[in-house]
Protein chains: 2
Amino acid sequence: MMPLDAETALADTPPGHKDELRLWLRLLTCTNLIEAEIRRRLRAEFDTTLPRFDLLAQLERHPAGLTLGEISRRMMVSNGNVTGLAARLEEEGLVERRVSTTDRRAQSLRLTPRGRREFARQSAAHEGWVAELLAGLSDSEREALHRLLGRTKASVRAGLQEGGT
Amino acid sequence: MMPLDAETALADTPPGHKDELRLWLRLLTCTNLIEAEIRRRLRAEFDTTLPRFDLLAQLERHPAGLTLGEISRRMMVSNGNVTGLAARLEEEGLVERRVSTTDRRAQSLRLTPRGRREFARQSAAHEGWVAELLAGLSDSEREALHRLLGRTKASVRAGLQEGGT
DNA sequence: GGCGAATAGTTGAAGCCTAAACTATCCCGG
DNA sequence: CCGGGATAGTTTAGGCTTCAACTATTCGCC
C-alpha cells in the first residue's frame, strides 16, 4: 500500500502563500523519502543509524580529532545529544576519547582503526545508495537543482536574520 | 602512523557519485534549516510541536474524521507513533476519539471546536513563516525548483521500487 | 591571588520515532 | 459456523533530540 504524503494531501487548501507552502511540502517529502530509505538501509545492512554515521563522517574528515563541542556545531545538534552518541560509539569501539592536555574540560574524539574500517564500508555503500536514488535525474537537472537549492539556502538564511538577532 | 587525510579518502571513492552526494547533502541542509526554524517557532509561539501540527492539519482537511491508521499512512509514520500523538492531543482537548459503530477495532479522530480554532491560528502563522523563508526566490525559481523536486521524487520512488516491492 | 564570566561537557525530563510483539476484531472460504 | 489470515490499534524497548539545570574548568581582569 503506497503511503500518501503531505503534499498529495494538500490538494484543497485555501488561497494565500500557497505556492511557497506547496514548494516546502514537496521539499520536505523528497528529503524524508530519501532520508527514510538511507536510515532503513543503514539499519538493515550495518545495524547502525544515521546520527552515528554522521558523527563518524565528521571524524573521518578530521583525523586529528574533534572535541565534542566542535562535533555538535558541525552536526548542528545540541551538546547533550553528542554526549550520548559519543558514549554509544565508544562502547562499540568505533571511536576513542582523549582528554586534552591543555584544557581539562575538553576531550577530543577520534576514530579507532576499527572505526575507520567500519566507516569506510558504510560510506561507500551510502554513496552508492544516494547515487541510485538520484539516478533518474539528468546531469543538467542535478546541476540546476543544486543551484536552486543554493539559492534557497541563501533565502532561508536571510529570512532567519530578519526575525532573530 | 600517518593517518589518511580527508582528501585522500575522497579521492579513493568510486568515481561519478560525488555530484549526487553533494546534491543530497544540500537538499538535506535546506530542509533541516527550514524545519528547525518552523519547529522553533511552533514551540515559541504556540507551545506545540511539528508532529502535533501535522496531525491537526490532517484532521482539518478531513472534517468527517480519520482513523488512526489513515493518519499514520498520510503522515508516513508508524502506527505506534500515532497512538501516542493522538493521546497527547486528546488530553489537550484538541481532538476527540470516536469508536466506529461498524468496526469495533477502528476509531476515528476529529478536531474539537477548540482544536479547530487553535489549528487555524497555527496554520496561518505557519504559512506566513514558510513564505517569509522562501521570499528570496523569484516566482520562476520557485516554479523551477518545484518541478525539479517533482522529478526527484519520481526518481527516488523508482529507486525504491527496484530493491523492494 | 582571586573573583566573575565564559566555556566544555553531563545529566534529567520530556517528547518523538521505530520495530516487533501483542490483543482484539473482522472477513472469508470451506 | 468456524478457523485462519488480515487488519486496527496498543505496548514495549531502545535510540534520537531538545532544553534547562548542573559541574568543572579556564580565562580575563583587577
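Below, chain A is the first sequence line, B the second, and so on; all start at residue 1. Because the structure is predicted, anything quoted here is derived from the model rather than measured.
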A:Leu50 CG - C:dT18 C1' separation (whole Å): 14 Å
Rounded distance [0.5 Å steps], CG in A:Leu50 versus CG in B:Leu28: 7.5 Å
Counting the atoms with a prime plus P, OP1 and OP2 as sugar-phosphate, which does A:Leu85 contact under 4.0 Å by heavy atoms, base, sugar-phosphate, or nothing? sugar-phosphate
Rounded to the nearest 0.5 Å, how far apart are CZ of B:Arg110 and CZ of B:Arg97? 14.5 Å
Kindly say if A:Arg104 contacts the phosphate of D:dT26, meaning a side-chain N or O under 4.0 Å from OP1 or OP2. yes
Closest-nucleotide mapping onto DNA chain C: is A:Asn79 or B:Arg52 further toward the 5' terminus? I mean the 5' end. A:Asn79
Classify the nucleic acid contact of B:Arg43 as base, sugar-phosphate or nothing, counting any heavy atom under 4.0 Å across all strands shown. sugar-phosphate
Rounded to whole angstrom units, what separation is found between the CZ atom of B:Arg88 and the P atom of C:dC17? 9 Å
Separation of A:Cys30 SG from B:Leu27 CG (nearest 0.5 Å): 6.5 Å
Using a 4.0 Å heavy-atom cut-off across all strands, classify B:Gly80 as base, sugar-phosphate, or nothing. base
Can a donor-acceptor pair under 3.5 Å be found between the side-chain atoms of B:Arg105 and the base atoms of D:dT7? yes
C:dG9 P sits how many Å from A:Glu90 CD, rounded? 13 Å
Could you state the atom-to-atom distance from CD of A:Gln107 to P of C:dT7 in whole Å? 18 Å
5' priority, DNA chain C, between A:Arg40 and B:Thr49 [closest heavy atom]: B:Thr49
B:Ser100 near the nucleic acid: base, sugar-phosphate alone, or nothing, with a heavy-atom cut-off under 4.0 Å? nothing
Spacing between B:Arg73 atom CZ and D:dA8 atom C1', to the nearest angstrom: 9 Å
B:Val77 side-chain proximity, nearest of C:dT11, D:dG9, C:dT18: C:dT18
A:Leu68 CG to C:dT10 C1', straight-line distance once rounded to whole Å: 10 Å
Is the shortest side-chain heavy-atom distance between A:Lys18 and A:Arg22 below 4.5 Å? yes
How many Å lie between CG on A:Asn81 and P on C:dA14, as a whole number? 19 Å
In terms of side-chain heavy atoms of A:Asp103, which of D:dT25, D:dG9, D:dT17 is nearest? D:dT25
Please report the C-alpha distance between B:Phe53 and B:Phe46 in whole Å, then the side-chain angles of each, then the deciding distance to 0.1 Å, and finally whether the ring pair (Phe, Tyr, Trp, His ring centres under 6.0 Å) criterion is met. CA-CA 10 Å; B:Phe53 176 79; B:Phe46 298 109; 8.5 Å; no
Tell me the interatomic distance from B:Met76, atom CE, to C:dA19, atom P, rounded to whole angstroms. 14 Å
